[in-house]
Each structure stands twice: as structure tokens, then as C-alpha cells.
Amino acid sequence: MSHFAFEQQLSEAVRMDSSLHLSSSIRRQSLKPSNRLNASGANLNRSRSASRLSPSLLCHATKPLCRSKSPARRSKTPTRLSSTSGIGNISNISNQANGKKSQGGADRFIPNRSTTDMEFAQHSLITDNEDTDSMSASDLEKRKMMEENLNPGDHSRILSFKAKAPAAKEGHLNNMKVLYSTGKPAAPKAANTRTVPSTPEKILDAPDMLNDFYLHLMDWSSLNHMAVALSAGVYIWNAADGSIIQLCQREVEEEYVSSVAWIKQGNVLGVGDSQGTVQLWDVASSKLIRSMGGHSDRVGCLDWNQHILASGGRDGAVVLHDVRVAQHMVGRLEGHQQEVCGLTWAADGRTLASGGNDNCVQLWDWGGRDTPLHTITAHQSAVKAVSWCPWQAGVLATAGGTVDRTIRVWNTATMTQLQSLDTGSQVSSIAWNTEYKEMVTGHGFSHNQLTVWRYPSMTKVADLTGHTSRVLLLATSPDGSTVASVAADETIRLWKIWPGMKEKKVSKTKSHPVSMLTQSIR
């Protein structure tokens with residue numbers, strides 16, 4: 001069997017369809033250094049260009065992805081991790097050569113003798129060698145008729161490798177069928193499509209990023225600071241100068257950070273953990289302001305509404321915290337049967353939309369009501385992507401997971417569906433842009449892409465690929481030009497999707513100068 005192993009290795013060495021790991025002009029930076037940072041959080045400016053990358057960072061693009069050892073519950077949604085091509089096959093063959101049983105399955109087909117017609121196979125081998133060129137047309141016709149009469153049935157398949165699968169029961173629904181039907185969306189391409197850069201401006205390495213569909217582990221503040229939760233620690237990346245500090249670290253090994261969210265002013269960060277606690281941190285001084293309870297399980301999502309912080313947990317409840325007072329819990333909204341994985345306030349500050357693993361979207365009125373105003377049940381899987389349109393009041397976009405794969409846009413005033421589009425893959429996040437009147441969605445299996453859509457026509461503008469595993473979350477920069485995507489491949493990629501329009505730039509040059517005080521407030 002050794003020559004089979006050699007041929008397999010040789011074929012893998014000359015493959016032309018494998019990816020080439022070449023250095024490019026994309027800047028790459030690691031959020032978490034190799035040695036663990038201390039709790040004080042030293043200033044770590046590790047910004048490098050591609051030509052100055054260390055060997056350890058270069059290996060990150062080619063090494064197999066390591067699975068996190070965190071105690072996070074395994075996600076129900078399927079995921080496809082990248083691995084070095086060919087290694088598994090070579091190891092299986094070499095194991096068989098040494099007399100060991102292959103763990104990856106057999107390397108050859110074994111026919112099912114009970115369903116194989118060996119006599120007809122022998123007859124076909126003999127008759128195929130006969131010379132039929134010298135036979136007349138009448139003899140050929142006579143022979144053909146004899147074969148049809150003497151050999152009834154379809155003998156196109158002589159060898160049978162397995163018995164026919166039993167028929168499913170009436171009314172049976174195969175939930176795994178969606179894995180083999182995913183693909184590119186059938187949406188038409190937008191007319192006069194603009195050019196969107198297909199490569200990210202910068203790549204941030206995010207080791208120990210939890211591959212959990214239900215968590216919100218990244219947020220971008222109005223002060224241009226990005227908060228990223230990596231397992232048990234929270235790191236702050238300054239997008240202006242590239243510096244990194246560690247804000248906090250969980251001491252208990254089983255605990256991990258499950259959500260982060262910035263207040264609108266950008267100076268206070270809300271942090272939810274696996275124990276159901278919500279903490280408030282002053283990022284400028286790296287000090288803990290307060291801790292708030294209210295959940296019996298992990299807090300997967302957070303969203304601010306001025307001084308009111310809404311938190312959604314695995315216990316199915318949404319808790320409203322007033323961070324100004326000692327008795328912080330001012331509301332508890334119970335409408336979901338499973339984990340709350342999407343949470344967002346409307347621009348009016350009164351309506352709260354929550355998506356859950358029970359495939360439902362609940363709309364709540366912040367006016368003392370503890371029952372939902374409306375319930376959306378059109379999705380067929382967990383709804384994490386929930387986002388309000390910033391320029392149309394009352395317009396809400398929702399999208400489902402692997403089984404659903406559909407973006408739906410709703411008019412919440414009349415509860416009518418405005419748009420519906422099957423994207424062909426899991427949708428984890430939605431982000432809007434007011435200037436371009438577009439939205440971008442993050443997707444999972446099988447292409448792991450970002451897709452830009454024109455609204456309200458829902459025609460596709462561009463697909464942005466690069467992640468090797470499913471996209472978990474999207475975050476928009478303060479100026480709205482850049483979108484950050486964090487994925488299960490432990491990278492964060494920054495995409496310049498919406499650069500400032502020329503008309504906007506011209507209008508800024510003609511406007512009156514703004515005082516330094518006003519600039520600092522903004």
C-alpha cells in the first residue's frame with residue numbers, strides 16, 4: 001500500500017486549486033499577544049505592515065484552526081472549519097499500510113454480493129470481446145432481440161454497492177436537507193453596480209474567539225474604539241493609532257465573556273458574562289463601575305437606550321437596567337421560550353425588538369408593558385440579525401439562521417412585510433448605511449461572505465469573501481464608511497464598503513468652520 005500513499009502525496013503536491021499564501025499589502029495586527037496581559041492593561045501598539053509581520057503571525061494564515069477550550073455550549077448551527085487539504089487522506093492510507101484501522105472510513109468500495117448479478121457480469125465480459133463488425137445487419141438485429149428477451153431488466157449497473165435506502169414515512173421532514181441545498185442567493189444584481197473593494201483594509205487576529213452563533217463579542221464605539229471579547233478577556237483596540245489594552249479578565253477558568261456593548265457617548269462599556277452578570281466599565285480609567293444581576297444564565301446580547309441598558313439572556317428574559325439608580329432593574333420582559341440572541345432599540349427610544357432561538361421576534365413598548373406589542377413568527381430558525389432602518393421610522397429588518405436563511409423587512413406600524421429574500425445561507429448580522437441607502441449582511445455556511453444589498457429593491461451590489469469560517473457579527477465604524485466582520489476563523493476584517501460621497505465632501509468644504517469645543521463634543 002506504500003505506493004498508494006506516495007501517489008496521494010504526489011497528487012497533493014501538484015494541486016493547482018489550493019490557495020496560495022502570499023504576502024499582500026493588507027495590514028494585519030493581533031489583538032491578543034502570545035503571553036497573557038496583566039490586569040493593568042499596558043499599551044500594546046502592535047501595528048505592523050505585511051512586510052514586517054512576525055513568523056508567528058504568518059503561520060496563523062496557514063495553520064489549522066484550533067478549537068476553543070472555553071465552556072461555551074456548542075452551537076446547534078452547522079459550521080465548516082478549514083483544514084490543510086490532503087492531510088487526512090494521507091494519514092488514513094498510511095494507517096492502513098501499518099495494519100491500523102482507518103478512522104476516516106474505508107478507502108475502497110466493497111460490492112454488496114447479495115444484490116449483484118455475477119452471471120450477467122461474466123457474460124458481458126465474454127460477449128464484449130466478440131467481433132461484431134463482420135456480422136450482417138439482420139444478425140445484429142436478431143442478436144439484439146435475443147438479448148432483450150433473455151436478459152430482462154435494467155443491467156446498466158452490474159455491481160451494487162449498497163441496498164436502496166428505505167422510503168421515509170409520510171409527512172417526514174429532513175432538517176439536515178438544508179445543508180445540501182445552500183448556495184448563492186438567487187437575487188438579481190443591482191443595475192449600475194458601483195465598485196466595492198473586494199479585499200479588507202486591515203485584518204485583526206482574534207485568538208480564542210468563541211465560535212458561538214448566539215453571542216455578541218464585538219462592538220465599535222462613537223470614539224473609534226473597538227471592544228472585542230476573546231474567551232475570558234475583553235480587549236480595546238484604538239482604531240486611530242492601533243494601540244491595544246486589556247480591559248478585564250475573568251479569573252475562573254469556566255467563565256467567559258458573552259457580550260459587549262458601548263454606550264452612545266462611547267466612554268462606558270457594558271460587559272455580559274456566562275454567569276448572567278452585567279458589568280459597567282469606565283474604559284478611560286480601566287475601572288469597574290458596577291455589577292448588575294437579573295439573569296440566571298449567560299447574557300448573550302446588550303443594547304443601550306440612553307441610561308437604560310437592555311440585556312437578553314439564555315433564560316429567555318430581557319432585563320431593563322437603569323444604570324443611574326441603585327435598584328437598577330426597572331423591567332423584566334418575558335416572551336421568548338429560548339435564548340434571546342438579538343436585541344436592538346428603535347430610534348424613538350420606546351420600541352425594543354428582540355430575536356430569539358425560538359424563531360420569534362418580539363416587539364416591546366417601553367411604557368411599562370410586560371407583554372409584547374407584536375410577535376413575528378415567519379422565520380424558521382433562530383433570529384439573531386435584528387436591525388432598525390436608520391432613515392425610515394418603524395422599518396425593521398430581521399433574518400434567520402441556517403434553516404431559514406431569509407431576510408425580511410417589516411413595517412412595524414401596520415405589521416406588514418415589505419420585503420422577503422432567501423439569501424441561500426445563514427444570516428448572523430445586518431448593518432445599514434444612510435448615505436448609500438444600502439445594507440450589508442454577514443453569512444455563514446457555505447460561502448462565509450458579506451453581501452451588500454441595495455434597499456428597497458434588495459438587489460445585490462457585491463459579495464465580499466475572505467473569511468474561511470462563518471461570519472458571527474458585524475459592526476460599523478463611527479463615520480459609517482467601514483464595516484468590521486468577526487468570524488469563527490478567529491479574524492476580524494475591516495471592509496471599506498461605504499466611502500464618503502464626493503457631494504458630502506464638497507459641502508463640508510463650503511460650510512462654516514466648527515469650533516474645537518463642538519468637535520470635542522461630537
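Just so it is clear, the structure is predicted and the values come from calculations on it, not from any experiment.
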- Message: Taking the six-membered ring of Tyr436 as reference, does the cationic atom of Arg194 (NZ for Lys, CZ for Arg) lie under 6.0 Å from its centre and within 45° of its axis?
- Response: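 Yes, cation above the ring, under 6.0 Å and within 45°.
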- Mark yes or no: Lys384 above the aromatic ring of Phe213, with NZ or CZ under 6.0 Å from the six-membered ring centre and no more than 45 degrees from the axis.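 Yes, a cation-pi geometry holds between Lys384 and Phe213.
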I'd like to know if [X] and [Y] make a salt bridge, using a cut-off of under 4.0 Å between side-chain N and carboxylate O.
X      : Y      : result
Asp370 : Arg332 : no
Arg350 : Asp348 : no
Asp273 : Arg298 : no

Regarding [X] and [Y], do their side chains bring together a donor and an acceptor under 3.5 Å, going by distance alone?
X      : Y      : value
Thr398 : Trp410 : yes
His321 : Ser311 : yes
Glu255 : Ser274 : no
Asn359 : His379 : no
Trp304 : Gln306 : no
Trp237 : Gln29  : yes

- Parallel, tilted or perpendicular: which fits the ring planes of Trp345 and Trp366, with parallel below 30° and perpendicular above 60°?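 Judged by the thresholds at 30° and 60°, the geometry between Trp345 and Trp366 is perpendicular.
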- Message: Before you tell me yes or no, could you show the steps for Ser354 and Trp364 under side chain to side chain donor-acceptor pair (under 3.5 Å), namely the whole-Å CA-CA distance, both residues' side-chain angles and the distance that decides it to 0.1 Å?
- Response: CA-CA 8 Å; Ser354 62; Trp364 310 87; 2.9 Å; yes
- Would you please indicate if the ring centroids of Trp432 and Trp391 are separated by under 6.0 Å?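 Under 6.0 Å, so yes.
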- Task: Let me see the working for Val318 and Leu352 under side-chain contact (heavy atoms from CB on, under 4.5 Å), right down to the final yes or no.
- Result: CA-CA 10 Å; Val318 177; Leu352 175 66; 3.9 Å; yes
- Query: Just one of His467, Gln449, His443 clears the side chain to side chain donor-acceptor pair (under 3.5 Å) bar with Ser485, so which one?
  - Reply: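 Going through the options one by one, the only one that passes is His467.
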- Message: Strictly distance-based, threshold 3.5 Å: is any side-chain N or O of Asn433 a donor or acceptor partner for the main-chain N or O of Gly480?
- Response: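 It does hold such a pair.
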- Is a donor on one side and an acceptor on the other found under 3.5 Å between the side chain of Ser381 and the backbone of Gly401?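 Indeed, once roles are kept as given, a pair shorter than 3.5 Å links the two residues.
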- Before giving the answer on side-chain contact (heavy atoms from CB on, under 4.5 Å), spell out for Arg290 and Met292 the whole-Å C-alpha distance, their side-chain angles and the decisive distance to 0.1 Å. CA-CA 7 Å; Arg290 67 180 302 182; Met292 301 177 295; 3.8 Å; yes
- Passing candidate, side-chain contact (heavy atoms from CB on, under 4.5 Å) with Ser429, options Leu472, Leu450, Leu474, Thr441: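 For Ser429, the side-chain contact (heavy atoms from CB on, under 4.5 Å) test succeeds with only one of Leu472, Leu450, Leu474, Thr441, which is Leu474.
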